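Every number for a ligand or one of its atoms is a count from 1 in the order of the listing. Note that this is a predicted model, so its numbers are computed, not measured.
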Amino acid sequence: MKRGQLIVISGPSGVGKDTLIRRLLELDRSLVYSVSGTTRQPRPGEKPDQNYTFLTRGQFEDLVAKGAFLEHATYNGNLYGTFRDRVERALTGGRDLVLKIDVQGAEQVRGLLPDAIFIFVVAPSEQELERRQVERGSESDQELASRRQIAHREMTYAAEYQHVVTNDDVETAVKEILEIIQRARERQT
Ligand code: 5GP
């Protein structure tokens, strides 16, 4: 069976990656999402094993020691990681898999699986990004400030991605991402 494609999506906090990915999965039913592990507290409405597998620091560190993560990174004081078995299962089953990971994680995946598709999502402007971060309303002022600083730093990594997609209008951005995936599928066949 043909191996699935890995699609890595990164971008600054608040840019709308979750909304884009949700829509992407609705429009292309052959895509699956890799649910990551994290030590971050759930936000209101987030469901275990759907948004993230929520772990204690101890559980996360045990999993790191066992080699359970394909990649992992610290983001704003919390640990995040991609489960190796979830990725392998999807790809060997011929499913195309979407990872939503930060720039450090993408760097690790680039080293391991250079054939993956790397997409960086940006906001139309820095002001718009700040507006979206505040609008989400899920973070404290302190958390917001440090996420903003990280976002600023992350933007400098955009150039390392094959594809940069501006999320001005969700439907347009999703369409652009679907076209990128489609082109990669055509190259593979
Ligand atoms: P959030 O707390 O807003 O859900 O995620 C914070 C950051 O962690 C985002 O940039 C998100 O893409 C990233 N992230 C989520 N899951 C993973 C993962 O498994 N690995 C890595 N390296 N980053 C992740």
Side-chain angles (χ1 to χ4, degrees), residues 6-22 24-25 32-57 59-64 66-91 97-113 116-123 129-158 160-161 163-165 167 173 177:
L6 193 65
I7 301 137
V8 174
I9 300 187
S10 302
S13 177
V15 78
K17 297 184 293 290
D18 289 312
T19 312
L20 282 182
I21 292 171
R22 201 179 315 122
L24 202 58
L25 298 181
V32 274
Y33 179 64
S34 162
V35 178
S36 295
T38 184
T39 62
R40 162 165 87 57
Q41 291 298 311
R43 291 188 188 124
E46 279 187 335
K47 295 194 182 66
D49 297 322
Q50 196 169 316
N51 298 94
Y52 283 105
T53 298
F54 296 100
L55 302 163
T56 63
R57 189 163 277 265
Q59 287 170 326
F60 196 102
E61 282 165 358
D62 281 350
L63 289 166
V64 171
K66 285 186 190 137
F69 293 114
L70 178 71
E71 62 73 35
H72 62 93
T74 302
Y75 181 97
N76 202 25
N78 290 306
L79 296 162
Y80 294 82
T82 304
F83 287 99
R84 194 187 292 278
D85 59 347
R86 295 181 187 175
V87 173
E88 262 318 298
R89 209 178 310 130
L91 298 184
L97 183 73
V98 178
L99 301 187
K100 180 197 71 174
I101 60 178
D102 81 325
V103 295
Q104 309 165 72
E107 191 69 45
Q108 295 171 51
V109 174
R110 212 173 275 126
L112 294 166
L113 301 161
I117 304 167
F118 294 90
I119 302 172
F120 195 86
V121 182
V122 296
L129 183 63
E130 290 196 4
R131 197 192 61 74
R132 289 181 196 176
Q133 288 167 341
V134 172
E135 194 183 61
R136 178 158 73 188
S138 55
E139 284 103 21
S140 65
D141 286 351
Q142 198 192 352
E143 169 112 14
L144 259 180
S146 80
R147 277 178 178 258
R148 248 181 227 150
Q149 250 183 13
I150 298 172
H152 206 76
R153 213 177 319 131
E154 280 188 318
M155 288 300 292
T156 64
Y157 284 83
E160 293 180 23
Y161 286 71
H163 308 280
V164 178
V165 172
N167 184 21
I177 294 175

Polar side chain donor-acceptor pair, Asn78 to Thr38, under 3.5 angstrom: no
Using the benzene-type ring in the case of Trp, are the ring centres of Phe60 and Tyr80 under 6.0 Å apart? no
Do Leu25 and Ile21 make a side-chain contact, defined as non-hydrogen atoms from C-beta onward lying under 4.5 Å apart? yes
Among protein heavy atoms, which lies nearest [atom], and at what distance?
atom	value
atom 14 (N) of ligand 1	Lys100 O, 3.5 Å
atom 19 (O) of ligand 1	Ser36 OG, 2.7 Å
atom 23 (N) of ligand 1	Asp102 N, 3.0 Å

Does atom OH of Tyr157 have more than 12 heavy-atom neighbours from other groups under 6.0 Å away? no
Tell me if the CG atom of Asp49 is crowded by more than 12 foreign heavy atoms within 6.0 Å. yes
Examine the proximity of ligand 1 to Gln108 and report which part, side chain or backbone, both or neither, has a heavy atom under 4.0 Å away. neither
Mind checking whether Glu71 contacts ligand 1 via backbone (N, CA, C, O), side chain (CB onward), both or neither, at a 4.0 Å heavy-atom cut-off? side chain
May I ask you to list the atoms of ligand 1 that are less than 4.0 angstrom from any heavy atom of [X]?
X	value
Gly105	22 (N)
Ala73	22 (N)
Arg40	1 (P), 2 (O), 4 (O)

Non-hydrogen atoms of [X] versus ligand 1: any pair closer than 4.0 Å?
X	result
Gly81	yes
Arg43	yes
Gln104	no
Arg147	yes
Tyr52	yes

Can you name the one residue among Glu143, Arg148, Arg136 that meets side chain to side chain donor-acceptor pair (under 3.5 Å) with Ser13? Arg136
When you measure from the side chain of Glu46 to the backbone N and O of Arg43, does any donor-acceptor pair fall under 3.5 Å? yes
Polar side-chain atom of Arg86 near backbone of Val35 as donor-acceptor pair, under 3.5 Å: yes
Stepwise side chain to side chain contact (heavy atoms under 4.5 Å, CB included) test for Glu154 and Tyr75: CA-CA 11 Å; Glu154 280 188 318; Tyr75 181 97; 3.7 Å; yes
Would you say Tyr80 and ligand 1 have an N/O pair spaced under 3.5 Å apart? yes
For Ser13, is at least one N or O under 3.5 Å away from an N or O on ligand 1? no
Cation-pi between Arg110 and Tyr161: NZ/CZ under 6.0 Å from ring centre and within 45° of the ring axis? yes
